[in-house]
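Heads up, the thing below is written out as structure tokens.
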Amino acid sequence: MEWHACLDEYEKLVIRMSTPRVVIDNAVCPTATLIKVDSARRHGILLDAVRVLTDLNLSIKKAYISADGQWFMDVFHVTDLNGNKLTDASVISYIKQSLETTHPDKSHGFNGLTAFELTGTDRMGLLSEVFAVLADLQCDVVDAKIWTHNGRIASLIFVKDCNSGSPIEDLQQIDKIEARLRNVLKGDNDIRSARSAVSMAVTHTERRLHQMMFADRDYERKPILQHKSDFPVVTVQNWVERGYSVVNVQCKDRTKLLFDVVCTLTDMQYVVFHATIKTSGDKAYLEFYIRHIDGTPISSEPERHRLVQCLQAAVERRASKGVRLELHTSDKQGLLADVTRTFRENGLNVTRAEISTTSDMALNVFYVTDSTGNLADPKIIELVRQKIGLANLKVKELPLIYHEKAEREEQAAGVGGAVLLSLGSLVRRNLYNLGLIKSFS
């Protein structure tokens, strides 16, 4: 570290104390890259570290967090999404530099775009109506993230003017866009809670989505459809002798799970003093020792119940609901309106979406179910792919429940005879034709 000539020894000491020390080691663990971060403790520092790792789509297999007085130590065991250690020198260098930054950049590089925040009641075809309004008002959607949970929707949509390619700065035009979007969100029965606004914050996009759904109180609403096997188990108990509240989360493992949980704890003004994160197969086990910012544990049953609800919601919001469809094609005016209209006309409901544009190419991900939130018919998905373009729209991921369904039907065939056997074979043949299973024999 090079020092400016004007700095005295005390100032140098302050900088040393406040700058995190990062060690990245591939030799210690045979199956993962170990990342160790030592730093002075401040509120939100754990979230900043986890954000750096999850923004790179790294999988956190284990983690140990400990705060001793005013010092903080994080140890992460990470791999890439294929389960391999990190070997790319540029990626390792980027991680080290990002973690050593005491105040990471959270704006995510969306300068030159106008951001709209939308919250309201989710319904079949809503996303199609939103994108149709934006296309009609000459807004080009460059980037967007849309989440749905418990019948609510939250989205951050980044747009520019179609004609000039510049951000939309005319206040009258912004007011017009907001009003049209608000009317779409209201529909026939959401007069009070529908909300559209220009986003002025530079908060991390996915953290902002959590904040929006938390403010919308999605955690208090009943789930429309819930598979028991996927439901996260959250418990909160007080360790009276040590003055901690102990939070345990058990759920299906997935990418960005730790970010979602830590983000919620941080924004609810809890401080994590110690934590252990473990994964085994497709299961994740997270334990946190927390206090309020003022150093006190959770003090009432209503607060405990609210925290359980909020953490369950945080886990569920990003959980994959439906078949993952990836659209990769040349971007054009009204593309999203056309694609989502095709989904709606064929009875497919979008439960989550990630929209991005790179060098005039659209790279979009949609998770879809049928109109009731159940499994979409593979024949319908194939029909939609034909309409949009088989080469452009591809099935990239299938929920485990699809395979479980096929296995149940196959087992039923052995008991019920030839008729059920032919039906089970038909289901598996459809999955095979879509490229979703390797064999239907």
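For the pair Met268 and Leu307, the tightest heavy-atom approach, listed with the atom from each and the gap, is SD-CD1, 3.9 Å. The nearest pair of heavy atoms linking Thr279 to Ile60 is CG2-O, 4.0 Å. Considering all non-hydrogen atoms of both residues, Val249 and Val315 come closest at CG1-CG2, 4.3 Å. Heavy-atom minimum distance, Val234 versus Val308: O-CG1, 3.8 Å.
In this structure, Arg352 is positioned above the aromatic face of Tyr367, its NZ or CZ under 6.0 Å from the six-membered ring centre and within 45° of the axis. With Tyr270 as the aromatic partner, Arg291 does not meet the cation-pi criteria of under 6.0 angstrom to the ring centre and within 45 degrees of the ring axis.
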Begin from the C-alpha positions of Asn238 and Ser245 and carry the test side-chain hydrogen bond (donor to acceptor under 3.5 Å, both in side chains) through to its verdict. CA-CA 4 Å; Asn238 276 358; Ser245 293; 2.6 Å; yes

Evaluate the criterion salt bridge (charged side-chain N to carboxylate O under 4.0 Å, His left out) for residue pair Arg123 and Glu129; output intermediate values, then yes/no. CA-CA 11 Å; Arg123 66 176 186 273; Glu129 298 176 46; 3.0 Å; yes

Could you please spell out the steps behind the side-chain contact (heavy atoms from CB on, under 4.5 Å) verdict for Phe131 and Val141? CA-CA 8 Å; Phe131 288 137; Val141 178; 4.1 Å; yes

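Between Tyr289 and Tyr244, the two ring planes are perpendicular [angle over 60°; tilted spans 30° to 60°]. Below 30°, between 30° and 60°, or above 60°: for Phe259 and His204 the angle between ring planes is between 30° and 60°, a tilted geometry.
Under the 3.5 Å distance criterion, with hydrogens and angles disregarded, a donor-acceptor pair is assigned to the side chains of Arg208 and Gln211. Side chain to side chain, Ser196 and Arg182 meet the donor-acceptor criterion of an N or O pair below 3.5 Å. Under 3.5 Å, the side chains of Ser166 and Asp161 contain no donor-acceptor pair of N or O atoms. For the residue pair His210/Arg317, the side-chain donor-acceptor check at 3.5 Å is satisfied. Side-chain atoms of Ser356 and Asp143 form no donor-acceptor pair, as typed in the model, at a separation below 3.5 Å. Using modelled atom types, one finds no donor on one side chain facing an acceptor on the other under 3.5 Å when comparing Thr119 with Arg152.
Classification of Asp338 and Arg341 as a salt-bridged pair holds, one side-chain N sitting under 4.0 Å from a carboxylate O. Under a 4.0 Å N-O distance rule, the pair Asp25/Lys36 does not qualify as a salt bridge. The residues Asp48 and Arg42 are annotated as salt-bridged, a charged nitrogen and a carboxylate oxygen being separated by less than 4.0 angstrom. By the 4.0 Å N-to-carboxylate-O rule, Asp282 lies too far from Arg254 to be salt-bridged with it. The existence of a salt bridge linking Arg306 and Glu303 is excluded, since no basic side-chain nitrogen approaches an acidic carboxylate oxygen closer than 4.0 Å. A salt bridge between Arg318 and Glu206 is present, with a side-chain N of the basic residue lying under 4.0 Å from a carboxylate O of the acidic one. Between Lys379 and Glu382, none of the side-chain N atoms (NZ, or NE/NH1/NH2) sits under 4.0 Å from a carboxylate O, so this pair counts as no salt bridge.
Taken to the nearest 0.5 Å, the CD1 atom of Ile388 stands 10.0 Å off from the OG1 atom of Thr329. Atom CD of residue Glu326 and atom CZ of residue Phe366 lie 10.5 Å apart, to the nearest 0.5 angstrom. Note that CZ of Phe116 is 11.5 Å distant from CG of Leu156, once rounded to the nearest 0.5 Å. Rounded to the nearest 0.5 angstrom, Asn349 CG and Arg344 CZ are separated by 11.5 Å.
Screening Thr276, Ile277, Val262, Val75 for a side chain to side chain contact (heavy atoms under 4.5 Å, CB included) involving Ile65 leaves a single residue, Ile277.
The main-chain N or O of Asp218 is never found under 3.5 Å from a side-chain atom of Asp216 such that the two would form a donor-acceptor pair. At distances below 3.5 Å, not a single donor-acceptor pair connects side-chain atoms of Lys256 with backbone N or O atoms of Arg51. Side chain of Thr351 to backbone of Lys321: a donor-acceptor contact under 3.5 angstrom is found. For Gln333 (side chain) and Ala135 (main-chain N/O), a donor-acceptor pair under 3.5 Å exists by modelled atom type. In this structure, the side chain of Asn346 engages the main chain of Thr342 through a donor-acceptor pair within 3.5 Å. Between the side chain of Asp88 and the backbone N or O of Ser90 there is at least one donor-acceptor pair closer than 3.5 Å.
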